[in-house]
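Here's the structure we're looking at; comments come further down.
What's counted below: heavy atoms across the whole structure, side chains too, no hydrogens, waters or symmetry copies.
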Amino acid sequence: MKKVLLSSLILTLCALPVLAYETIIIKFPERENWVKAYYKKTPLEAILQYVPKGQRSNDWTESVVVHSYKNKLPINVMIGNESARLLKVNPTGKFKTLRITPTDAIIGRCTEDYKTVKGQCEFFRATIGYESNVTIHYMNKNKDEFMDDYNKWFNIIKRAKLYNSYYRDERILDKSEYFEL
């Protein structure tokens, strides 16, 4: 009987990390109504797009995209892969590193119109989470507005927090400000 109880205890303890619940919390600007425009979750990744109310996932002036990948890569590989992918879409602006640590980085750039892609300014943050790699991408198609709000959005992206819990019901969050990863 003791062996059965011990085995059960060991299996339960080993299973706890699998049951972990990770979210990201983004504090959007007060008095601005940002809404979820797109969400998709698969076993290996999740993606969510926020836009200002009245805009759509394929027709926006500002957008925040959060992407979670279950693979774990070093921060320099994440930034290298994603900046290369974004440069293929629009190569008219090079990324500048704004902040980098071993587990977190923020890069930014502004682009011009290129083929069918409208120019935009953007912050791109990559961070290593508890269970996944996470990217947070803020884009604005109005360069003057981006520059006027530069510090505000840099701080919003920088302060977005990953939260990990083993108990789903311990959440006391505003559901409009968190994203299950």
I want to know whether W34 and F28 have ring centres closer than 6.0 Å.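 That pair passes the under 6.0 Å test.
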Chi angles and distances behind the side-chain contact (heavy atoms from CB on, under 4.5 Å) call for T135, M78: CA-CA 9 Å; T135 62; M78 283 178 63; 4.0 Å; yes
With a 4.5 Å limit on heavy-atom distance, are the side chains of [X] and [Y] in contact?
{"X": "N71", "Y": "L44", "answer": "no"}
{"X": "L98", "Y": "F154", "answer": "yes"}
{"X": "K158", "Y": "R99", "answer": "yes"}
{"X": "V134", "Y": "L162", "answer": "yes"}
{"X": "W153", "Y": "V64", "answer": "yes"}
{"X": "N133", "Y": "T127", "answer": "no"}
{"X": "K36", "Y": "L48", "answer": "yes"}
{"X": "Y38", "Y": "R56", "answer": "no"}

The criterion is side-chain hydrogen bond (donor to acceptor under 3.5 Å, both in side chains); which residues satisfy it with N90, sequence neighbours excluded?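 T92, T111.
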Apply side-chain hydrogen bond (donor to acceptor under 3.5 Å, both in side chains) to E112 and list each qualifying residue two or more places apart in sequence or on a separate chain.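 E112 satisfies side-chain hydrogen bond (donor to acceptor under 3.5 Å, both in side chains) with no residue once adjacent residues are dropped.
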If you take all heavy atoms of [X] and [Y], which pair is closest and at what distance?
{"X": "D144", "Y": "N142", "answer": "N-OD1, 3.1 Å"}
{"X": "I136", "Y": "A160", "answer": "CD1-CB, 3.6 Å"}
{"X": "I100", "Y": "A105", "answer": "CG1-CB, 3.9 Å"}
{"X": "K72", "Y": "G129", "answer": "NZ-O, 2.6 Å"}
{"X": "K41", "Y": "A46", "answer": "CG-CB, 4.0 Å"}

Is it true that [X] and [Y] fall in one hydrophobic cluster, defined by side-chain heavy atoms closer than 4.5 Å?
{"X": "Y50", "Y": "F146", "result": "yes"}
{"X": "V65", "Y": "W60", "result": "yes"}
{"X": "I128", "Y": "Y130", "result": "no"}

Hydrophobic cluster of F124, others only, ordered by chain and residue number, side-chain cut-off 4.5 Å: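 Its cluster partners, ordered by chain and number, are I79, L86, L87, F95, I107.
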The test is side-chain hydrogen bond (donor to acceptor under 3.5 Å, both in side chains); show your working for Y138 and E62 and say whether it passes. CA-CA 7 Å; Y138 169 73; E62 288 181 279; 2.5 Å; yes
If I take atom OG from residue S132 and atom CG from residue L73, how far apart are they, to the nearest 0.5 angstrom?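 Output value for this atom pair is 11.0 Å.
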Q55 and T61: side chain donor to acceptor below 3.5 Å: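 T61 and Q55 do have a side-chain donor-acceptor pair below 3.5 Å.
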Checking Y39 against Q49: is there a side-chain donor and acceptor pair closer than 3.5 Å?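 Short answer, no.
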What verdict does the side-chain contact (heavy atoms from CB on, under 4.5 Å) test give for R159 and K27, after you've listed the backbone C-alpha separation in whole Å, the side-chain angles of each residue and the deciding distance to 0.1 Å? CA-CA 8 Å; R159 292 179 181 146; K27 293 289 186 186; over 6 Å; no
Listed partners of K161 passing side chain to side chain contact (heavy atoms under 4.5 Å, CB included), at least two apart: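 Partners of K161 under the side chain to side chain contact (heavy atoms under 4.5 Å, CB included) test: none.
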Can you say whether the rings of F123 and Y150 are parallel (under 30°), tilted (30 to 60°) or perpendicular (over 60°)?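 Rings of F123 and Y150: perpendicular, as their planes differ by over 60°.
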Pair R109 + E122, salt bridge at N-O below 4.0 Å: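 Looking at E122 together with R109, the answer is yes, because their closest N to O distance falls below 4.0 Å.
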What verdict does the side-chain contact (heavy atoms from CB on, under 4.5 Å) test give for I75 and T101, after you've listed the backbone C-alpha separation in whole Å, the side-chain angles of each residue and the deciding distance to 0.1 Å? CA-CA 8 Å; I75 202 71; T101 71; over 6 Å; no
E32: which residues meet the salt bridge (charged side-chain N to carboxylate O under 4.0 Å, His left out) condition with it, sequence neighbours left out?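 E32 satisfies salt bridge (charged side-chain N to carboxylate O under 4.0 Å, His left out) with K152 once adjacent residues are dropped.
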Residue pairs passing the salt bridge (Lys or Arg N to Asp or Glu O under 4.0 Å) test where at least one lies in residues 76-89, sequence neighbours excluded: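 Those involving residues 76-89 are E82-R85.
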Side chain of K143, backbone of C121: donor and acceptor closer than 3.5 Å?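 No.
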Taking D113 for its side chain and G119 for its backbone only, find out whether a donor-acceptor pair lies under 3.5 Å.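 Indeed, once roles are kept as given, a pair shorter than 3.5 Å links the two residues.
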